[in-house]
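Everything on this sheet refers to the single structure shown next.
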Amino acid sequence: MAATTFKPPSKARWTGRPFGSQASPWLTYVPMTVLAGFFLFPIMFMVVASLKNDHQIFADMNSFKAFLPVGDLSLANYAAVFDRVPFWRFLGNTLFVTFMVTAFGLVVNSMCGYALARMRWKGRGLVFGLIIATLILPFDTTIVPMVYLVANLPWVGFDGLTPVLEFGWLNTYRVQIIPFIVNAFSIFLFAQYFKSLPKGLEEAAAIDGAGWLRTYWRIIVPLSRPVFATVAILTVVTSPATWNAYLWPLMTVQSEELRPVMVGVEYFFQLDTAWGEVMAYMSMITLPMVIVFLVFQRSFIQSIASAGMKD
């Protein structure tokens, strides 16, 4: 009987597409590119318009030239921004408030999320439900009661070295920072991410004699960098008191020395409106946010993808 030679089955080569799918990559990349370009159109128009004078902006409005850097281009609008508003002062105020709200928010909200996700105590479910329920309240519906509240809150100030009890937080940095440190959505993201971590982490830490605070700081925090990056981005971009803050500081801050960059937009509409200068100003305050997202986009996507996971 003739001997037969055994031939192992050939390995299937991974093509980057699901098995059985014969679709061309172009069917995916082309629609995605078109969709990305569609969302980039406003930014493209803003940047291009910032390089043109008002006459050319309106002349190009009815054609595709509005999105192309063609014609008489210059940086005159950017130079005029500094004559119209105290840009660096506004930018410094925004950076300070944004940093304080984000830094304290990461600490406070992550600790709340850890307590809700990893610790066992009575009423935990009720508290978590109440926190989530606050997400259905639009900020615009609570802003008037909040203004009345902060206008009457006490604060300990100092007259030299003598402590003095004061009332009212209006026209201060603290009215832009303290009310927005705690955020329900940030707590939710932290809690959901912490639930996806193995339970054995606390058990191993307890065997070594670590308490909850040490476990949180030495074990949980280093393993949760993606969610920290995500919450930081969302706080900077979406909080009513950080980079996009407009309505709240407009109602609570009257001093020009304390105003953020978004309130500075009002300065361009007080006299003659120069749209080229408006576009230049908006381009200058948009660029930092684009840079922040590009730096942290990997962690942002990773954390959002794992937000719904549970142990």
Side-chain angles (χ1 to χ4, degrees), residues 23-82 84-85 87 90-91 94-95 98 138-140 185 229-250 260-270 272-305 307:
S24 171
W26 291 102
L27 296 179
T28 301
Y29 296 142
V30 171
M32 291 176 61
T33 302
V34 173
L35 187 62
F38 178 79
F39 284 106
L40 287 175
F41 272 168
I43 299 178
M44 293 170 57
F45 172 76
M46 177 181 66
V47 175
V48 170
S50 68
L51 302 174
K52 303 177 181 179
N53 56 53
D54 288 4
H55 176 74
Q56 187 172 355
I57 291 175
F58 289 106
D60 296 342
M61 194 69 70
N62 295 326
S63 66
F64 202 70
K65 292 181 180 180
F67 302 96
L68 299 176
V70 296
D72 186 14
L73 306 179
S74 70
L75 298 177
N77 291 326
Y78 290 89
V81 166
F82 297 96
R84 184 77 70 109
V85 299
F87 177 78
F90 290 168
L91 181 62
T94 300
L95 290 175
T98 299
F139 176 69
D140 295 342
F185 188 65
T230 299
V231 172
I233 293 175
L234 294 178
T235 302
V236 171
V237 175
T238 64
S239 175
T242 51
W243 200 266
N244 291 327
Y246 176 75
L247 185 59
W248 179 256
L250 188 66
V261 290
M262 290 305 298
V263 178
V265 178
E266 289 290 329
Y267 286 61
F268 294 91
F269 299 97
Q270 291 178 353
D272 55 323
T273 303
W275 290 104
E277 297 178 12
V278 173
M279 296 303 173
Y281 184 77
M282 299 306 297
S283 298
M284 294 169 64
I285 64 179
T286 301
L287 181 60
M289 291 297 95
V290 175
I291 295 175
V292 168
F293 178 77
L294 292 177
V295 171
F296 294 102
Q297 63 175 329
R298 186 185 298 268
S299 298
F300 179 80
I301 296 173
Q302 179 180 350
S303 179
I304 291 296

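Considering Tyr267, Tyr281, Phe87, Phe90 as possible partners of Phe82, the one that fulfils the ring pair (Phe, Tyr, Trp, His ring centres under 6.0 Å) test is Phe87. Of the listed residues (Val231, Val237, Thr230), just one forms a side chain to side chain contact (heavy atoms under 4.5 Å, CB included) with Leu234, and that residue is Thr230.
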Step-by-step side-chain contact (heavy atoms from CB on, under 4.5 Å) determination, Val47 to Thr286: CA-CA 10 Å; Val47 175; Thr286 301; over 6 Å; no

For Met279 and Asn77: C-alpha separation, side-chain torsions, deciding distance, then whether side-chain contact (heavy atoms from CB on, under 4.5 Å) applies. CA-CA 8 Å; Met279 296 303 173; Asn77 291 326; over 6 Å; no

Does the side-chain contact (heavy atoms from CB on, under 4.5 Å) test come out yes or no for Thr94 and Trp243, once each step is laid out? CA-CA 6 Å; Thr94 300; Trp243 200 266; 3.5 Å; yes

Show, in sequence, the C-alpha distance, side-chain angles and deciding distance for Asp60 and Phe67, and conclude whether the side-chain contact (heavy atoms from CB on, under 4.5 Å) test is met. CA-CA 9 Å; Asp60 296 342; Phe67 302 96; over 6 Å; no

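The CZ atom of Phe139 lies 8.5 Å from the OG atom of Ser239; values are rounded to the nearest 0.5 Å. Taken to the nearest 0.5 Å, the CG atom of Leu91 stands 8.0 Å off from the CE atom of Met284. Distance check: Thr273 OG1 to Asp54 CG gives 9.0 Å after rounding to the nearest 0.5 Å. If you take OG1 on Thr242 and CG on Leu95, they are separated by 11.5 Å, rounding to the nearest 0.5 Å.
The shortest heavy-atom contact between Phe45 and Ala66 is CD1-O, 3.5 Å. Smallest separation of non-hydrogen atoms from Ile285 and Val261: CG2-CB, 4.0 Å. For the residue pair Ala245 and Pro240, the shortest heavy atom distance occurs at CB-O, 3.2 Å.
Not one N or O on the side chain of Gln56 forms a donor-acceptor pair closer than 3.5 Å with the backbone of Leu73.
Environment of CZ in Phe39: sparse, with no more than 12 heavy atoms of neighbouring residues, nucleotides or ligands closer than 6.0 Å.
The closest side-chain heavy-atom distance from Glu277 to Met282 is not below 4.5 Å.
Aromatic ring orientation, Phe64 versus Phe41: perpendicular (interplanar angle above 60°, classes split at 30° and 60°).
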